[in-house]
Number of protein chains: 2
Amino acid sequence: MISSIAELISDRIGTMPAGERRAAQTLIANYPLIGLKTVAEFSAAAGVSSPTILRFVSRLGFQNYPEFQSALQDELAAQLQSPASRTLNPASPSGAISPMLEATLENMRETFRHLSDRQLADIATRLAERRGKTFLIGGRFTDPLARYMAAHLAIIQPDVYHLAGQESIWRDRLIDMGKRDVLVIFDIRRYQDSLVRFAETAHQRGVQIVLFTDQWLSPIARFARHVIAGRTAVPSAWDSSAALFVVAETLIGAVTRQLEADSAKRIRDLEGLR
Amino acid sequence: MISSIAELISDRIGTMPAGERRAAQTLIANYPLIGLKTVAEFSAAAGVSSPTILRFVSRLGFQNYPEFQSALQDELAAQLQSPASRTLNPASPSGAISPMLEATLENMRETFRHLSDRQLADIATRLAERRGKTFLIGGRFTDPLARYMAAHLAIIQPDVYHLAGQESIWRDRLIDMGKRDVLVIFDIRRYQDSLVRFAETAHQRGVQIVLFTDQWLSPIARFARHVIAGRTAVPSAWDSSAALFVVAETLIGAVTRQLEADSAKRIRDLEGLR
DNA sequence: CAAAATACGTAACATAAGATACAGCGCTCC
DNA sequence: GGAGCGCTGTATCTTATGTTACGTATTTTG
């Protein structure tokens, strides 16, 4: 069974004429990046002419050069996204640790790899500067994350509201939202229409939206000021929100730190109320 | 110092207009492959027009799109050749974020090290065997975890209830609970008296308790049939529930697998109801 | 050794990709 | 509330990329 283009090549390289073989060798040697460049560059690197490259590609079974490039890109995408290719990583202790945990840990690393300190700091600052109100809402499975975040933020600053209950209830809250306010939305597949509509209206009212979503980006990303794309794929029937959860905790921590002085006093006051 | 295009983007994303920011977010979420595709594909994925993509690229300092693509390819080439460089964003130790992530990951490993597959399997089996009802409840910060778990379990089996609202409300629900039922409680420091009392009464009625708590063990552990102790310490003002969250997800997955046949049908039926 | 077949490169072509000009729109700031 | 600025998309243009046709070179075979 042939699963990668590299295998396909080594399978057929024996039957190729000299020029195409040079093309094949060049591609294998710089796999797969040479194949993503133009035909002219590829041919120059291999020391053959452009048509030879095209004949080579065609011999591999591709209709045209772009199709060949797409295949390479898909392969690369799979490699970059799945931790499978990194199982060589000696840090992962063998044994009966569930693949679920491994995938989750990898999701978190991957999520944070695509997330700069700067970006998180910007969002934290936005949440910490107390110009307006902060609203949080989530989808079917992610609403608990919104609640979790709201539960913490509400302690360190005023005017934090979790939007819960029926759609009509939180839709009506739009009336209270304006330019100075921030709306934090959690939305992963399958994206909920009601949330998208809600986000759109809020956006029109000038509300700044912070979106927690998966790597495929909820349509709400269109309206969002900040987008956090977390990895959700795990070997389970369900998607995992764990990576987003950790990002949320990280943000909570960052906001708390920024509000250090204020929040310390506020927390003391709250304690006093008990 | 800026070493990668991803960093360059997160550095300037703050100064970008909305459309270009969407381009940036899309690229980061699918880094770097979207950038290797054509302008048209990139723009479609980001939901903006081609010129916006080109302006975005130009703002990053590239003369034209091919030059931008070459830079991405060079970066990718370097990454593919030395897997070592694929470690975490090397520029992050400065921020207070990386330690947070590291601690969280370590918490999870540690949590699972003290958790045998057998134990998880037992709990999953208990939750899967449909003899009685399943109730879930949590404390101030952990109730969202209870909700999260309830949201999933309720889909794959009947008689799953999250206990919410005022104490008096869920206290009254005790009347419905008996030997055949399971109560899942989330309780970490500072342990809530109300929850402890609730657990005690439930225990007296013969309810089997599954407790999610921290490494210091909530007093509820006295009454619990199964105890899951997660690590919660992170360099932050707050404790982290992330490890417990991951255990919860793992359990959800395990229960779903055990109910495979039943739940598949049930999920299909639910889809039909939409 | 000769003749045919195959392979390869040059050069012309067509097409699809990136770049640009411009107009409409929304936003911000007086 | 109005004027100005800046951002965005449509439509057009230009470039360069992939493709193909064809002639020459090379190898193979009878």
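Lettering of chains follows the sequences in order, A, B, ..., and the numbering in each one begins at 1. Heavy atoms only: backbone and side chains are in, while hydrogens, waters and symmetry mates are out. Since we're looking at a predicted model, the values are computed, not measured.
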Quick one: side chains of residues 15-24 of chain B, donor-acceptor pairs under 3.5 Å with protein atoms, not counting sequence neighbours, listed by atom name and distance.
unit_1 : atom_1 : unit_2  : atom_2 : d
T15(B) : OG1    : R12(B)  : O      : 2.9
E20(B) : OE1    : R59(B)  : NE     : 2.5
E20(B) : OE1    : R59(B)  : NH2    : 3.3
E20(B) : OE2    : R59(B)  : NH2    : 3.0
R21(B) : NH1    : M16(B)  : O      : 2.9
R22(B) : NH1    : R222(A) : O      : 3.4
R22(B) : NH2    : G47(B)  : O      : 2.7

Exercise. Going by the ring-ring contact (aromatic ring centres under 6.0 Å, His included) test, which pairs reach into residues 170-203 of chain A, not counting sequence neighbours?
Worked result: W170(A)-F198(A), F186(A)-F212(A), H203(A)-F223(A)
For this session: Quantify the bending of the helix from dC1(C)-dG30(D) to dC30(C)-dG1(D) as the angle between its end axes, each fitted on five pairs, to 10°.
Result: 30°
For this session: Report the residues that fulfil side chain to side chain donor-acceptor pair (under 3.5 Å) with N107(A), sequence neighbours left out, ordered by chain and then residue number.
Result: none
Problem set entry | Sorted by number, the residues of residues 13-25 of chain B with heavy-atom contact under 4.0 Å to DNA chain D | P17(B), A18(B), G19(B), E20(B)
For this session: Quick one, give me the B/S/- string for nucleotides 17-22 of chain D, reading 5' to 3', where B means a protein heavy atom under 4.0 Å from the base and S means that only happens at the primed atoms, P, OP1 or OP2.
Result: SSBB--
Problem set entry | 4.5 Å side-chain heavy-atom contact, R231(A) and T111(A) | yes
Problem set entry | For A103(B), side-chain contact (heavy atoms from CB on, under 4.5 Å) partners two or more places apart | V234(B), P235(B)
Seminar exercise, completed: First and last nt of DNA chain C near chain B, cut-off under 4.0 Å to heavy atoms, 5' to 3', are dA17(C) to dT20(C)
For this session: May I have all residue pairs that pass ring-ring contact (aromatic ring centres under 6.0 Å, His included) and include part of residues 43-67 of chain B, sequence neighbours excluded?
Result: F62(B)-F68(B), Y65(B)-F68(B)
Exercise. Who passes side-chain contact (heavy atoms from CB on, under 4.5 Å) against S70(B), sequence neighbours left out?
Worked result: none
Exercise. Under 3.5 Å, is there a donor-acceptor pair between the S10(B) and Q119(A) side chains?
Worked result: no
Exercise. Which residue pairs pass the ring-ring contact (aromatic ring centres under 6.0 Å, His included) test with at least one member in residues 113-143 of chain A, sequence neighbours excluded?
Worked result: F135(A)-Y161(A), F141(A)-W238(A), F141(A)-H152(B)
Exercise. Does the pair D122(A)/R126(A) count as a salt bridge with the N-to-O cut at 4.0 Å?
Worked result: no
Exercise. More than 12 heavy atoms of other residues, nucleotides or ligands under 6.0 Å from CD1 of I169(A): is that the case?
Worked result: yes
Problem set entry | Residues which pass salt bridge (Lys or Arg N to Asp or Glu O under 4.0 Å) with E41(A), listed by chain and number, not counting sequence neighbours | none
